[in-house]
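Report on one structure; see the data block that follows.
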Protein chains: 2
Amino acid sequence: MNISTAAKTAGLPVKTVRYYADIGLVSAPSRSETGYRTYDGGAVRKLVFVRRAREFGFSIEECRELLSLYEDRNRSSADVKRIATRRLEDIAEKQRELKSLHDELAYLVDACKGDDRPDCPIIDGLGNRHAGG
Amino acid sequence: MNISTAAKTAGLPVKTVRYYADIGLVSAPSRSETGYRTYDGGAVRKLVFVRRAREFGFSIEECRELLSLYEDRNRSSADVKRIATRRLEDIAEKQRELKSLHDELAYLVDACKGDDRPDCPIIDGLGNRHAGG
DNA sequence: CATTGACTTTCCAGTTACTGGAAACCCTAG
DNA sequence: CTAGGGTTTCCAGTAACTGGAAAGTCAATG
């Protein structure tokens, strides 16, 4: 199949599919006589794998690592779990950050009357860190 | 004061302080006879304001907007509240996404034995979307 | 006065993960 | 044969910096 069919099947933009081969994340596809890229089921499955991993927030480098584990019939599940667990910690950390951010900003928004006068705790709160963050 | 003192006081890297003037986010500082940038308290306060806003996840363009409100003695607090509320919704949305991501990945990690055998629900789960995600 | 080392300047390149667009080639339907 | 897609390559741009080179400046020392 041609690139647009492969891309559609994998749920990725055509540009992205080309890009993933350019950076060597997936292997370069074979070409037709006229130079068109041609894809088979296996190539598409790898693209799906990458798309899913990216949706999980794995970086391209992590995808590279996961993909080599995906392709390695002899790797241990512990190797995979290690990477996934690290990623899980990243997510939890990000969640904590977002929560404190949300709470602090919500506090400021709540304190702001939102009327046509210039007094605004949000602006004030951005200018000087408020106590008890 | 020179740029490194200003940067330290504002809690920003020197490079970033220069960058913010380059892109016109803050006005270009005055220069000494030999071309060194010189900062006063007002300039530093604006840098602090930008740093805080960035920490809150406001984009540079939003910072530009907020900064003009910060500098405008006649703007209404409603204008500020509008921007901050939009940002608050972004954060809430991001939190929801992170939660579903976390739950799904945690489910996979939990299902993986993490031993030296190749069976791995994480890899399998990345290859094919699991039901009831 | 010379030197040393820290600080500053400008400018260019690189980062992440793509995305947009131009110019040219290919393919299929009518 | 033409029209309209799809495809190719390559270059540039995004967001928000960050790193580094080469050259000028400053303050303290000998």
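First the proteins, then the strands, lettered A, B, ... as listed; each starts at 1. Both backbone and side-chain heavy atoms feed into the values below; hydrogens, waters and symmetry mates do not.
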Using atom [atom1] of [X] as one end and atom [atom2] of [N] as the other, report the distance to the nearest whole Å.
X       : N      : atom1 : atom2 : answer
B:Asp22 : C:dT9  : CG    : P     : 11 Å
A:Tyr36 : C:dC25 : OH    : P     : 12 Å
A:Arg31 : C:dC25 : CZ    : P     : 16 Å
B:Met1  : C:dC7  : CE    : P     : 16 Å
A:Phe58 : C:dT16 : CZ    : P     : 18 Å

Review point. Between B:Arg37 and C:dT10, does any side-chain N or O lie under 4.0 Å from OP1 or OP2?
Key: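 Checking C:dT10 against B:Arg37, a side-chain N or O does come within under 4.0 Å of OP1 or OP2.
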**Study point:** Side-chain N or O of A:Arg54 closer than 4.0 Å to phosphate OP1/OP2 of C:dC18
**Key:** yes
Counting distance only, does the side-chain N/O of [X] pair as donor-acceptor with the main-chain N or O of [Y] below 3.5 Å?
X       : Y       : answer
A:Thr16 : A:Leu12 : no
B:Arg37 : B:Pro29 : no
B:Arg31 : B:Tyr36 : no
B:Asp40 : B:Ala43 : yes
A:Arg54 : A:Phe58 : yes

Check your understanding: At under 4.0 Å between heavy atoms, what does B:Ser32 touch on the DNA or RNA strands: base, sugar-phosphate, or nothing?
Key ->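 Counting heavy atoms under 4.0 Å across all strands, no contact is made by B:Ser32.
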Check your understanding: Contact class for B:Ile3 vs. all strands (heavy atom < 4.0 Å): base, sugar-phosphate, or nothing?
Key ->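 B:Ile3: backbone/sugar contact only, no base atoms under 4.0 Å.
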Check your understanding: Under 3.5 Å, is there a donor-acceptor pair linking the side chains of A:Asp115 and B:Ser77?
Key -> yes
Review point. Does one side chain, of A:Ser32 or A:Thr38, offer a donor that lies under 3.5 Å from an acceptor on the other?
Key: no
Check your understanding: Through what angle, rounded to 10 degrees, does the axis of the helix from C:dC1-D:dG30 to C:dG30-D:dC1 turn between its ends, using five pairs per end?
Key ->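 The helix from C:dC1-D:dG30 to C:dG30-D:dC1 shows an end-to-end axis angle of 30°.
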Check your understanding: Does atom CZ of B:Arg18 have more than 12 heavy-atom neighbours, drawn from other residues, nucleotides or ligands, at distances under 6.0 Å?
Key ->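 Yes, because the 6.0 Å sphere around CZ of B:Arg18 holds more than 12 heavy atoms from other groups.
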Exercise for review: Give me the first and last nucleotide of DNA chain D, going 5' to 3', that has any atom under 4.0 Å from a heavy atom of chain B.
Suggested key: D:dA16 to D:dC26
Point to revise | Nucleotide nearest B:Arg18 (side chain, heavy atoms from C-beta), chosen from C:dT10, C:dC7, C:dC18 | key: C:dT10
Review point. Among C:dA17, C:dT19, C:dT9, which nucleotide sits nearest the side chain of A:Tyr19?
Key: C:dA17
**Study point:** Least distance between heavy atoms, A:Ile122 atom then A:Leu108 atom
**Key:** CG1-O, 3.5 Å
Point to revise | Closest-nucleotide 5' rank along DNA chain D - winner of B:Thr34 and B:Ser59 | key: B:Ser59
